[in-house]
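Note that this is a predicted model, so its numbers are computed, not measured. Start at 1 and go down the list; that is how both ligands and their atoms are numbered.
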Amino acid sequence: MTLIECRDLTREYRKGENIIRPLDGLDLDVPHADFLALMGPSGSGKTTLLNLIAGIDSPTRGSLTIDGLDISTLSRGKLAAWRSDNVGYVFQLYNLVPVLTAFENVELPLLLHRHSRRKRQQLVSEALERVGIADRHDHFPRQLSGGQEQRVAIARAIVTDPPILVADEPTGDLDKPSAHAVMQLIQQLNSELGKTIIMVTHDPHTTEYAKRTLHLDKGRLVEQGQLLEGAPA
Ligand SMILES: Nc1ncnc2c1ncn2[C@@H]1O[C@H](COP(=O)(O)OP(=O)(O)OP(=O)(O)O)[C@@H](O)[C@H]1O
Ligand SMILES: [Mg+2]
């Protein structure tokens, strides 16, 4: 069953006199529990697409239907509420808050939800346990390795139990062994918890963990350098 449906999805930015179009009429279907890797040259629209799916940005044109709801029609406030229930975001450089411990970083998204302190503690502990880093709960980001920081960031992304996880080059800053461990973890979130995952990557090795790989070029999906069949010229 389709979870995410993009139709004619277009994002334009005005730059002085010019209009740039990082996403240009993209059609995409992502089924429930998919693990999709997205590749493509720099500037091809990968992050732009993730930001739209994550409800951080809104399209200029087209529809983006997620679990039956066209989120492109939501107001900013409704979109923010939708996002906090539905999407976890994992970044290349982790984006942890340096003055907060691992535990406090993971707790942050829960502060937008109505939970008791005790319930929050339980959810944070479970998330840290799931990413295999419960013993580092009181460490600050600077006291962690890159791989450990990314685990904390993944715990933060899943602590609210969102059905969708988007990841923008999650292993881009890691050495090979840490990248492998992080990819195994992301794969488990897909296979064991049924999270639908959309991951941008520049590394062909990491696509081996995904169920399928699609390529973007100039804001559209392509196959081996050709526009996908059925896409308008
Ligand atoms: N907020 C913005 N305002 C203006 N232009 C933007 C904005 N966000 C993205 N762009 C432009 O849109 C294009 C696509 O950007 P995007 O970040 O989606 O590329 P990408 O595929 O993620 O590239 P990379 O692999 O380098 O991360 C780029 O030309 C970029 O400069
Ligand atoms: Mg990018």
Checklist entry - Could you walk me through whether D29 and R7 pass the salt bridge (charged side-chain N to carboxylate O under 4.0 Å, His left out) check? => result CA-CA 9 Å; D29 288 287; R7 288 291 175 271; 3.1 Å; yes
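- Distance from atom 17 (O) of ligand 1 to its nearest protein heavy atom, with residue and atom name: T47 CB, 3.6 Å.
- The closest protein non-hydrogen atom to atom 18 (O) of ligand 1 is T48 OG1, 2.5 Å.
- Counting only heavy atoms, the protein gets under 4.0 Å from atom 14 (C) of ligand 1.
- Note that atom 29 (O) of ligand 1 has no protein non-hydrogen atoms nearby, at separations under 4.0 angstrom.
- When atom types are taken as modelled, the side chain of N190 and the backbone of K195 share a donor-acceptor pair closer than 3.5 angstrom.
- For the residue pair D34 / T196, no side-chain donor-acceptor distance below 3.5 Å is found, with atom types taken as modelled.
- The protein atom (non-hydrogen) at minimum distance from atom 24 (P) of ligand 1 is S42 OG, 3.6 Å.
- In this structure, G45 is part of the shell of residues with a heavy atom less than 4.0 angstrom from ligand 1.
- With hydrogens left out, the protein atom closest to atom 4 (C) of ligand 1 is Y13 CG, 3.4 Å, a heavy atom.
- Residue G43 places at least one N or O, backbone or side chain, under 3.5 Å from an N or O of ligand 1.
- For the residue pair T206/T171, the side-chain donor-acceptor check at 3.5 Å is not satisfied.
- E149 and R136 are not joined by a salt bridge, as no carboxylate oxygen comes within less than 4.0 angstrom of a charged side-chain nitrogen.
- Not a single donor-acceptor pair under 3.5 Å links the side chain of D173 to the backbone N or O of L93.
- Within 6.0 Å of NZ on K211 lie more than 12 heavy atoms contributed by other residues, nucleotides or ligands.
- Here the closest non-hydrogen pair linking G88 and P162 is N-CG, 3.6 Å.
- The shell of residues lying under 4.0 angstrom from ligand 1, judged by heavy atoms, includes H202.
- A donor-acceptor contact under 3.5 angstrom links the side chains of E126 and Q122, judged on distance only.
- Between the side chains of Y89 and N51, a donor-acceptor pair is found at a separation under 3.5 Å.
- Around the Mg ion (ligand 2), protein N, O or S atoms at a distance under 2.8 Å total 1; waters are neither shown nor counted.
- Ring geometry for H137 versus F103: interplanar angle over 60°, hence perpendicular rather than tilted (30 to 60°).
- Those atoms of ligand 1 with a heavy atom of P41 less than 4.0 angstrom away are 21 (O).
- One option in K46, R14, K218 has a heavy atom closer to atom 21 (O) of ligand 1 than any other, and that option is K46.
- Backbone and side-chain nitrogen or oxygen atoms of P22 are examined, and none is located within less than 3.5 angstrom of a nitrogen or oxygen of ligand 1.
- For K15, no nitrogen or oxygen atom sits less than 3.5 Å from a nitrogen or oxygen atom of ligand 1, counting backbone and side chain alike.
- At distances below 3.5 Å, not a single donor-acceptor pair connects side-chain atoms of S72 with backbone N or O atoms of S63.
- Near I20, meaning under 4.0 Å from one of its heavy atoms, ligand 1 places the atoms 5 (N), 11 (C).
- Other residues, nucleotides and ligands contribute over 12 non-hydrogen atoms within 6.0 Å of the CZ atom of R212.
- Interface atoms of ligand 1 facing S44, defined by a heavy-atom separation under 4.0 Å, are 19 (O), 21 (O).
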